[in-house]
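A short worksheet on the structure shown next.
Per chain, numbering begins at 1; letters A, B, ... match sequence-line order. Because the structure is predicted, anything quoted here is derived from the model rather than measured.
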2 protein chains.
Amino acid sequence: MTTIADVAKLAGLSRTTVSRVLNNHPNVAEEKKRLVLEAMERLNYVPNSTAQRLRNQKTDTIAILVPVLTNPFFAYLLEAMDTVATDNNLQLLVCQTRYDREKELNFLSLLKTKQVDGLILTSSENDWDIIAEFTQYGPIVLCNEYSELVNVPTVRMDNTEAAYEAACHLIEQGCKKIAYSYGEKKSSVALERENGFRKALQEYGLPLNKEWIIRNVYDMEDGREALNYLSRLPDKPDAVFTGSDQVATGMIIEAKKQNINIPDDLAIVGFDDQPIASIVEPGLTTIAQPIQQMGTKAMETMIEVILHKRNLSYHEILLPFELIVRDSTNRISFN
Amino acid sequence: MTTIADVAKLAGLSRTTVSRVLNNHPNVAEEKKRLVLEAMERLNYVPNSTAQRLRNQKTDTIAILVPVLTNPFFAYLLEAMDTVATDNNLQLLVCQTRYDREKELNFLSLLKTKQVDGLILTSSENDWDIIAEFTQYGPIVLCNEYSELVNVPTVRMDNTEAAYEAACHLIEQGCKKIAYSYGEKKSSVALERENGFRKALQEYGLPLNKEWIIRNVYDMEDGREALNYLSRLPDKPDAVFTGSDQVATGMIIEAKKQNINIPDDLAIVGFDDQPIASIVEPGLTTIAQPIQQMGTKAMETMIEVILHKRNLSYHEILLPFELIVRDSTNRISFN
DNA sequence: GCGGTTTCTGAAATCGATTGCATAAAACAA
DNA sequence: TTGTTTTATGCAATCGATTTCAGAAACCGC
């Protein structure tokens with residue numbers, strides 16, 4: 001491996017001067033600069049970034065914790081973050097927690113061991129007081145998931161309000177028996193949505209049968225199974241509000257197989273407004289999340305904290321959602 | 001920041017001894033060991049991994065280059081690699097090239113600057129002679145994409161044979177005018193598939209109308225547009241072989257909207273056997289890629305090279321595919 | 001008690017960069 | 001010419017770990 005010392009020797013100069021050339025320090029004579037550049041060229045020299053990291057005490061790397069990469073929501077979120085990071089010469093260390101508490105802790109330790117300059121959490125498995133512990137080792141930004149218990153910048157959407165609006169929409173379409181499905185039990189996102197959902201039911205004086213709540217539903221296949229479950233209930237719901245478009249799509253497809261009419265027999269609302277929502281038949285009513293904005297803002301906030309040393313403790317950015325009405329809930333004509 | 005020197009001072013010992021405790025060196029007296037552990041505990045000490053990397057000359061990090069994270073094929077591939085890597089205490093640096101030559105070169109430089117111990121390529125934008133240049137800086141493994149021009153271990157599937165088999169299947173179903181869609185023009189994967197496809201047509205003496213070849217088709221939306229295009233052609237195909245299940249699904253959904261019967265008017269074959277293939281109606285005939293195996297084997301090969309210093313220059317692992325026949329091509333009764 | 005092993009421990013070098021400080025050389029002013 | 005400022009360069013310390021080497025201490029057998 002060729003080091004800065006090799007370059008210095010070949011150029012007949014000191015390591016200091018070579019380093020100065022490398023970092024565009026002004027006080028280097030043109031002639032010497034040329035010598036150094038020539039030597040670097042000839043030796044095919046590239047600085048060792050581990051050494052630079054140690055000396056400069058920064059890694060230019062941000063860790064992003066996501067539960068799984070195969071969930072499109074997180075894939076798109078990452079894509080948005082990646083764009084901003086790349087533009088600012090930062091690397092992304094993508095960490096899959098797989099909804100595992102232990103793994104999450106290991107990744108949080110990246111801050112402790114100084115392997116990253118900052119860390120963005122998009123979901124969380126551990127209690128907030130445990131996570132708060134890590135803020136002393138480096139900046140943490142919350143994106144999507146949130147908690148006012150941990151004093152860090154947060155970029156998110158109002159899931160309570162979104163779920164409330166979705167439920168109201170179903171109720172206004174004449175639905176009276178609305179089922180609810182979600183993934184993670186502990187996540188703030190799921191809790192908020194459930195709160196919003198319950199609030200709407202309460203306001204309209206509608207009941208929530210315990211059998212209509214389905215947990216641990218993540219993908220299309222889970223959606224199919226969930227629909228099977230619902231369609232076998234003695235007291236069937238006439239609508240279902242799901243945690244993701246994937247799940248909703250699985251339900252639609254299974255419903256069609258069973259000749260359950262959507263939206264007349266069962267109205268369905270998804271979440272995320274992923275491409276599939278507008279492609280599936282009937283079109284899926286859903287909550288459009290500002291995924292790109294969320295990712296972008298979260299990374300920008302991180303950069304603000306790291307590069308500009310700004311201290312933005314609890315600084316919440318609340319992004320707007322939009323209820324996209326399509327045919328999967330279009331029962332107006334049947335009221 | 002607490003360093004090994006702080007621990008040494010508090011424990012009343014030298015840095016050497018602390019380091020020995022850290023690395024489980026056998027020759028440390030129990031009593032001293034206890035002192036060191038106590039000091040580490042009290043100072044909440046964690047070794048700085050940048051310093052360790054510099055000293056140990058390894059990063060325990062592998063870079064994985066993928067075009068985009070939002071393509072499920074790559075998301076699942078990454079997931080498989082991540083599992084193996086995590087089990088071997090390796091970190092993954094996920095790098096999105098976005099099909100950009102310049103970005104890919106920057107990521108390849110991670111090897112030069114010693115930021116990673118190895119690099120896995122799952123696609124490639126640059127010419128092979130350029131990529132070959134980088135093999136001198138660290139181990140490269142090819143996964144999915146391949147080339148016999150660059151002398152590195154390769155894990156892949158026989159795309160030629162897979163496409164050939166898919167095309168033969170369509171032909172045996174009575175299709176005579178088969179369209180072909182794919183994404184990346186330059187990729188070895190696309191080239192192989194096209195070769196296999198053409199070989200089948202040739203053997204059966206079938207024509208390939210230029211208008212039936214569609215480029216740059218990646219996702220569901222592209223699939224919809226592609227179907228629109230095909231259905232407006234004066235000389236319409238009676239089957240289409242696509243590059244991914246996403247694209248095929250987009251086609252199926254659009255075809256249904258236009259009352260084009262699948263498979264009778266148009267038989268469709270996808271690629272990958274993603275979850276959606278068995279969920280969509282009609283079920284999608286597709287080539288099941290051993291995605292998990294590919295990711296696993298690729299990472300295992302990398303580990304073999306790095307951890308065990310094995311030198312596996314051109315060592316090709318060819319994994320089996322499977323043609324999964326579903327209703328989207330089931331025209332037997334109509335022959 | 002004495003030579004020979006074995007077990008512990010620490011000083012100092014090392015990994016490959018950057019930077020504070022000192023100094024030499026050049027430029028400038030009087 | 002002499003004194004002052006500016007520019008250019010390098011020595012050596014530093015970042016935080018690991019490891020070689022040498023010496024001290026403990027143990028063993030006779």
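- Looking at B/D117 and B/T59, their side chains do bring a donor and an acceptor atom within 3.5 Å of each other.
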I'd like to compare against my own output: the B/S/- annotation of nucleotides 17-27 of chain C with a strict under-4.0 Å heavy-atom distance to protein.
BBBB-------
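- Around the CD atom of A/E41, the shell of radius 6.0 Å holds no more than 12 heavy atoms that belong to other residues, nucleotides or ligands.
- To the nearest 0.5 Å, atom OG1 of residue A/T97 and atom CZ of residue A/F107 are 7.5 Å apart.
- Salt bridge annotation for A/D82-B/R98: present, with a cationic side-chain nitrogen under 4.0 angstrom from a carboxylate oxygen.
- Within 6.0 Å of CD in A/Q57 there are more than 12 heavy atoms belonging to other residues, nucleotides or ligands.
- For DNA chain D, the span of nucleotides reached by chain B at under 4.0 Å from its heavy atoms goes, 5' to 3', from D/dG16 to D/dC21.
- Residue A/K297 qualifies as open at atom NZ: its count of foreign heavy atoms under 6.0 Å is 12 or below.
- Between A/E30 and A/R34, no side-chain nitrogen of the basic residue sits less than 4.0 Å from a carboxylate oxygen of the acidic one, so the salt-bridge criterion is not met.
- Remark: the A/N44 side chain and the B/Y137 side chain contain an N/O donor-acceptor pair separated by less than 3.5 Å.
- For B/R156 and B/E192, the salt-bridge test passes: some basic side-chain N is under 4.0 Å from an acidic carboxylate O.
- For B/Q57 and B/G12, each mapped to the nucleotide of DNA chain C holding its nearest heavy atom, the one lying further toward the 5' end belongs to B/G12.
- Where the helix from C/dG1-D/dC30 to C/dA30-D/dT1 starts and where it ends, the local axes point in directions that differ by 40°; five pairs per end, rounded to 10°.
- Heavy atoms of other residues, nucleotides or ligands lying less than 6.0 angstrom from CZ of B/R42 number 12 at most.
- Side-chain nitrogen and oxygen atoms of B/K32 include at least one within less than 4.0 Å of the OP1 or OP2 phosphate oxygen of C/dT9.
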